[in-house]
Amino acid sequence: MVSKLAGFYEHNTFSLMKIIILLNFILHKADSGCNNSVFTSIVSFPPYEILSSLQALPLEGQWSLRDNENAAKDFGNIFHFPPLAVLYPKTVADISLTIKHVFEMGSASELKVAARGHGHSLQGQAQVHGGIVINMESLQGHEMKVHRGEFPFVDVSGGELWINILHETLKHGLAPKSWTDYLHLTVGGTLSNAGISGQAFKHGPQISNTLQLEVVTGKGEVVTCSENRDADLFHGVLGGLGQFGIITRARISLEPAQKMVKWIRVLYSEFSTFTRDQEYLISLKDTFDYIEGFVIINSTGILNHWRSSFDPKDPLQASQFNSDGRTSYCLEMAKYFNPDEAEAMNQSVDHLLSQLSYIPPTLFLSEVSYVEFLDRVHVSENMLREKGLWEVPHPWLNLLIPRSEIHAFAEEVFGNILKDTSNGPILIYPVNQTRWNSKTSLVTPEEDVFYLVAFLSSAVPSSTGINSLEYILTQNKRILDFCTNAQLNVKQYLPHYSTQEEWQAHFGSRWEALVERKRVYDPLALLAPGHRIFQKAMSASC
């Protein structure tokens, strides 16, 4: 008897929900023709009715309605917003049906939807308080399809990890052209931002090497888009911070893959010489395949740390080198090659190095496999996990800085704000603007060459002083305040702001186009609320 009553209640609750949704839809249709409002619901929905309606959807995947603490965490480990429910989809249709259902409920439900990849957001961007988190890794099992030919590519799920794409494409002697430093990230996650690493000067970021997308919009529509088909959505989603749709599949451009990598590090004592050599290398046609750099603040014995992975070109000179704790700048380079090309590769590397002005005793070299090089950060991850230092707060700050302003930035930040200590690696390297697709949603400085500067800080839990989260956040604010006061044309990468006014300043002249795309593809502002760009539904045009 109890089970019959439960079944009756569940059936009739869902029937009532359908009636309410239908009435809301009719009202929306009437409103849209007269007063420019978007989806004014006539009835709000209690959480238990929402959950009941979600469970009644004809999905192949599963809902998790409890013990969803993991969905309230991310790599940043600063914000924690528990969702109402987590969807583990098996198909793209599961995602489409869910979003369409929420859309038809109208704005009064106050439900928002966040797509979660491998959980590497920094500021709660893939979290949603009291809303729906879609676990995109549940789509990982979908087959990857590698297409060979003159212009090879691979079709992958939006929830696939780049490390898995690397292993699969290598079976065909191919690999993506552009990477991130850390490969255990999902395709949809990096393409919603940019996907930047040391290959970006040559090939642009990952969003510049994407040929086609399948997207579920904020209305639940499944759209296949590219440069030649629904191009506005295609460009909007790439670098669009998840605001216009959820990436469910992507077509990634490939190139022939080499088997080995010559990996090189050298040091500089002068920032101007360091940046001059970086900019020289990225200007060449025949140059390294990967170019990055990092700042070393108040560190002694840095060369001894390198010896675990690199060999000094001149061991005697290297043993006599002493940085005396001064700020140094490391230029990191890599050249890909096959074993039968080693002699020609070494000649090319020797020629390139002969044109640089690094400190001679600090030349360190290594030869590793292509996979070992690309997955290098995962080794560090495992070491930090063993020490319990991986799942700590990561108040990272990533900036894109014009070449004309990088020296003023470095003088104040490295010479004053951070002159005594840093709480993690500081990456710095230039890229060529011409390799970046200017039609995407990503905002960059407008100069031909600009720098990525990434402060990859880690905070020690429950600590005080220079290792505390509060201290690092204060340092980050000092850096941002300096950029503002000095009127530097800096853009945040993986941006984080608290108000729409700040977002409007970030996007600048592109803001109106962003608002229009939001109105077209996600008019109720359901998607990716963790960015805090749009809090309310968008007004519609008659």
- At their closest point, which heavy atom of S458 faces which heavy atom of I472, and how far apart are they? O-CD1, 3.6 Å
- Item | Within 6.0 angstrom of K73 NZ, more than 12 heavy atoms from elsewhere | no
- side chain to side chain contact (heavy atoms under 4.5 Å, CB included) partners for K90, two or more places apart: E60, D94
- Item | S208 to N437 - nearest heavy-atom pair and separation | OG-N, 3.1 Å
- Task: State, to 0.1 Å, how close P89 and I134 come at their nearest heavy-atom pair, and which atoms those are.
- Result: CG-CG2, 3.9 Å
- Query: Hey, is the main chain of G195 close enough, under 3.5 Å, to the side chain of T180 for a donor-acceptor pair?
  - Reply: no
- Query: Shortest non-hydrogen contact from C483 to V490?
  - Reply: SG-CG2, 4.0 Å
- Kindly write out the residues that satisfy ring-ring contact (aromatic ring centres under 6.0 Å, His included) with Y497, not counting sequence neighbours, or none if the list is empty. W503, H506
- Y451 and E279 side chains, donor-acceptor separation under 3.5 Å: yes
- Query: Run the side-chain hydrogen bond (donor to acceptor under 3.5 Å, both in side chains) check on H184 and D375 step by step: do they pass?
  - Reply: CA-CA 9 Å; H184 297 252; D375 200 28; 3.2 Å; yes
- Message: Run the side-chain hydrogen bond (donor to acceptor under 3.5 Å, both in side chains) test on T248 and E214 for me, step by step, so that the C-alpha distance in whole Å, both residues' side-chain angles and the decisive distance to 0.1 Å come before the verdict.
- Response: CA-CA 6 Å; T248 51; E214 178 187 75; 2.7 Å; yes
- The single option from L452, L399, I406, I401 passing side chain to side chain contact (heavy atoms under 4.5 Å, CB included) against I428: I406
- On a heavy-atom basis, the closest approach of P402 and P445 is CG-CB, 3.7 Å
- Message: List the residues meeting ring-ring contact (aromatic ring centres under 6.0 Å, His included) with H407, not counting sequence neighbours, and say none if there are none.
- Response: F271
- Write out all pairs satisfying ring-ring contact (aromatic ring centres under 6.0 Å, His included) with one or both partners inside residues 152-181, taking only residues at least two apart or from two chains. H147-F153
- Can you tell me if T210 uses its side chain to pair, donor with acceptor, with the backbone of Q206 under 3.5 Å? yes
- Message: For K285, give me all partners under salt bridge (charged side-chain N to carboxylate O under 4.0 Å, His left out), at least two apart in sequence or on another chain.
- Response: none
- Message: Using the side chain to side chain contact (heavy atoms under 4.5 Å, CB included) criterion, which residues pair with D289? Sequence neighbours excluded.
- Response: K202, K335, Y336
- Message: Under the rule for ring-ring contact (aromatic ring centres under 6.0 Å, His included), what residues qualify as partners of H120, not counting sequence neighbours?
- Response: F75, H118, Y182
- With T484 via side chain to side chain contact (heavy atoms under 4.5 Å, CB included) - residues at least two apart: none
- Message: For F450 and W436, take the angle between the two ring planes, folded into 0 to 90°, and tell me which bin it lands in: parallel under 30, tilted 30 to 60, perpendicular over 60.
- Response: perpendicular
- Task: Give a yes or no on whether the backbone of L241 and the side-chain of H531 come within a donor-acceptor separation of less than 3.5 Å.
- Result: yes
- Query: Are any of the side-chain nitrogens in E137 or R116 under 4.0 Å away from the carboxylate oxygens of its partner?
  - Reply: no
- For the pair D311 (side chain) and F364 (backbone), establish whether a donor and an acceptor sit closer than 3.5 Å, ignoring hydrogens and angles. no
- Message: For a quick check under 3.5 Å, do H80 and D74 share a side-chain donor-acceptor pair by atom type?
- Response: no
- Is there a side-chain contact between L122 and L494 (heavy atoms, below 4.5 Å)? yes
- Below 4.5 Å, heavy atoms only, C-beta onward: do V187 and I165 meet side chain to side chain? yes
- Message: When you compare the side chains of S121 and Q127, does any donor N or O come within less than 3.5 Å of an acceptor on the partner?
- Response: no
- Message: According to ring-ring contact (aromatic ring centres under 6.0 Å, His included), who are the partners of F482, at least two apart in sequence or on a separate chain?
- Response: none
- Task: For residues 236-268, pull every pair meeting ring-ring contact (aromatic ring centres under 6.0 Å, His included), keeping only residues two or more places apart or in separate chains.
- Result: W263-F310, W263-F373, Y268-F274
- Sidechain-backbone polar pair: N77 side chain, H394 backbone, donor-acceptor under 3.5 Å: no
- Query: Between T444 and K491, is any side-chain donor less than 3.5 angstrom from a side-chain acceptor?
  - Reply: no
- Item | With R229 via side chain to side chain contact (heavy atoms under 4.5 Å, CB included) - residues at least two apart | T224, S226
- Shortest non-hydrogen separation from S192 to G242 and the atoms involved: CB-N, 4.0 Å
- What's the spacing between T440 OG1 and I207 CD1 if we round to 0.5 Å? 3.5 Å
- Message: Testing the 3.5 Å rule here: is there a donor-acceptor pair between the side chains of E292 and Y290?
- Response: yes
- Task: Output yes when a side-chain donor or acceptor of H235 lies under 3.5 Å from a complementary backbone atom of A231, and no otherwise.
- Result: yes
- Message: I need the Q125 CD to I533 CD1 distance, nearest 0.5 Å.
- Response: 9.5 Å
- Query: Is the closest basic N to carboxylate O distance between R265 and E332 below 4.0 Å?
  - Reply: yes
- Query: Just by modelled atom types, is the R403 backbone N or O under 3.5 Å from a matching donor or acceptor in the E447 side chain?
  - Reply: yes
- Would a 4.5 Å heavy-atom cut-off, applied to side chains only, mark M136 and T186 as touching? no
- Item | Salt-bridge present (K262, E367; N to O < 4.0 Å) | yes
- Query: For N489, does its backbone N or O pair with a side-chain atom of E405 as donor and acceptor, under 3.5 Å?
  - Reply: yes
- Query: Considering only heavy atoms from C-beta outward, does the side chain of N432 approach that of V449 to under 4.5 Å?
  - Reply: yes
- Task: Would you check if there is a donor-acceptor pair between the side chains of D181 and S197 at a distance under 3.5 Å?
- Result: yes
- Message: Can you see whether Q492 engages N398 through a side-chain donor-acceptor pair at a distance of less than 3.5 angstrom?
- Response: no
Just list the side-chain donor-acceptor pairs under 3.5 Å for residues 355-362, sequence neighbours left out, or say none.
residue: S357; atom: OG; partner: R276; partner atom: NH2; Å: 3.4
residue: T362; atom: OG1; partner: L267; partner atom: N; Å: 2.9
residue: T362; atom: OG1; partner: I359; partner atom: O; Å: 2.6

- Query: If you measure from the Lys or Arg side-chain nitrogens to the Asp or Glu carboxylate oxygens, is any gap between E381 and R385 under 4.0 Å?
  - Reply: yes
- Evaluate whether atom CD of E227 has more than 12 neighbouring non-hydrogen atoms of other residues, nucleotides or ligands under 6.0 angstrom away. yes
- Short question: side chain of S441, backbone of G236 - any donor-acceptor pair under 3.5 Å? yes
- Can you check whether Q475 reaches I417 side chain to side chain, under 4.5 Å on heavy atoms? yes
- Message: For Q317, is the CD atom crowded, meaning more than 12 foreign heavy atoms sit under 6.0 Å from it?
- Response: yes
- Query: Does the T287 side chain pair with the main chain of L284, one donor and one acceptor, at a distance under 3.5 Å?
  - Reply: no
- Query: Roughly how far, to the nearest 0.5 Å, is the CD atom of Q258 from the CE atom of M345?
  - Reply: 11.0 Å
- Value rounded to 0.5 Å, distance of CG in L473 from CD1 in I78: 5.5 Å
